Amino acid sequence: MSSKIYDCIEKIGNCIIGNKEFLTELDREIGDADHGINMARGFTEVLAVLPKDSDNISEVLKKTGMTLLSKVGGASGPLYGTAYMQAAKACAGKTALAPEDGKAIFEAVIAGIQKRGKAVRGEKTMLDAIIPASEAYSAAIDGGSSIGEALDAMCKAAEEGVEYTKTIIATKGRASYLGERSIGHQDPGATSATYTMQMIRDFIKG
Amino acid sequence: MVGIVIVSHSCKVAEGIYDLVMQMASENDHIFPAGGLEDGSIGTDAFKIREAIEKADTGDGVAVLADLGSGIMSAEMAIEMLEDDISVRIADAPVLEGAVSAAVTSTSGASLDEVIEAAEEARTASKLS
Ligand SMILES: Nc1ncnc2c1ncn2[C@@H]1O[C@H](COP(=O)(O)OP(=O)(O)OP(=O)(O)O)[C@@H](O)[C@H]1O
Ligand SMILES: [Mg+2]
């Protein structure tokens with residue numbers, strides 16, 4: 001039998017791999033047409049190397065991050081690699097996660113991505129989905145919402161974040177070479193980050 | 001001698017720059033290209049860069065020259081993952097011109113800081129005057 005954490009990563013991986021063409025199309029508009037290819041290559045390897053039965057959450061997340069780092073190839077490699085490795089640190093020693101842990105994971109992930117990519121909110125990157133999602137999740141948990149409600153709020157904020165990326169100029173990454181011509185297009189990394197969060201929600205809500 | 005690692009998204013670019021550089025630094029055998037992914041695709045690979053840094057180091061440190069975008073991020077991750085204590089600096093310089101300046105300077109026996117400085121001067125050197 002496979003572990004829960006494996007099943008969750010598998011769900012994320014299958015979603016990213018299934019959306020390979022679309023993510024690549026988005027990157028064709030404002031980048032170098034490889035985001036879907038990069039992420040699908042990374043997750044194909046992740047699904048091949050992850051131990052199916054390990055319920056060591058931290059170890060599985062770390063292995064996911066290291067594999068993405070080595071196989072993805074684009075900026076999303078070091079960025080998602082760092083994100084999963086930071087999530088692994090935030091989960092160290094845990095065999096189950098509580099709603100509060102989600103807040104700590106978000107904090108670690110965002111700090112890691114910002115340290116690596118030196119981007120802030122509003123630069124048309126994955127952070128424009130992840131930061132609002134984190135805020136919505138934490139606010140919901142702090143306000144006494146159920147985990148299901150908090151995960152829905154998280155995904156709604158991420159989806160709005162993706163819409164918001166259509167309205168702004170890219171100032172980090174490949175898309176920054178396009179300047180104003182990047183307006184009108186949604187960010188590929190914000191899109192893949194939103195898929196990730198949607199899959200986590202669907203997995204937890206069952 | 002200060003080692004040099006040439007990072008590019010393309011294996012061909014990294015090796016091509018290496019070939020150009022070696023015309024001017026043929027006696028320097030601490031220069032290594034680290035381009036593309038393991039399977040030959042376009043991209044940057046922190047593990048491949050780490051390996052090149054380890055090969056390039058003789059104890060005097062390593063200067064890294066990188067191309068666009070994730071070249072820098074992957075190089076930074078490679079440095080953080082080093083197991084040995086190697087002093088490494090990434091040059092804020094165009095990869096081709098920077099690599100040539102760095103290689104020539106390194107071959108003259110300069111320090112890591114001097115090699116980086118030489119590479120970074122390539123950023124402002126005018127080609128038309
Ligand atoms: N500095 C950054 N900080 C945060 N996210 C970033 C940064 N740079 C790029 N991104 C995200 O990465 C996505 C692009 O990922 P992709 O896999 O296509 O890499 P890439 O830009 O092609 O990489 P490379 O720099 O190697 O060309 C963007 O849509 C954006 O969300
Ligand atoms: Mg791309």
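Naming convention: chains lettered A, B, ... in sequence-line order (proteins, then strands); numbering from 1 in each chain. Computed from a prediction, not measured in an experiment: that's the story for all the values here.
- Residues of residues 110-129 of chain B placed with any heavy atom under 4.5 Å of a heavy atom in chain A are absent; none qualify.
- Summarising the local packing, CE of B:Met24 is surrounded by 12 or fewer heavy atoms from other residues, nucleotides or ligands at distances under 6.0 Å.
- Heavy-atom neighbours of B:Glu27 CD from other residues, nucleotides or ligands within 6.0 Å: above the threshold of 12.
- Both the backbone and the side chain of A:Lys71 have a heavy atom closer than 4.5 Å to some heavy atom of chain B.
- The number of heavy atoms from other shown groups lying within 6.0 Å of NZ (A:Lys89) does not exceed 12.
- With contacts defined as side-chain heavy-atom distances shorter than 4.5 Å, the pair B:Glu80/A:Arg116 qualifies.
- A 6.0 Å sphere centred on NZ of A:Lys103 holds more than 12 heavy atoms belonging to other residues, nucleotides or ligands.
- Of the listed residues (B:Ile42, B:Thr44, B:Asp39), the greatest number of heavy-atom pairs within a distance under 4.5 Å of chain A belongs to B:Thr44.
- When each of B:Leu37, B:Asp45, B:Ile72 is checked for heavy-atom pairs under 4.5 Å with chain A, B:Leu37 comes out on top.
- Between atom CE of residue B:Met81 and atom CG of residue A:Leu69 there is a gap of 5.0 Å, rounded to the nearest 0.5 Å.
- Across every non-hydrogen atom of A:Pro78 and B:Ser74, the tightest pair is CG-OG, 3.6 Å.
- Interface check for chain B: of the options A:Gly117, A:Ser70, A:Gly81, the most heavy-atom pairs under 4.5 Å are formed by A:Ser70.
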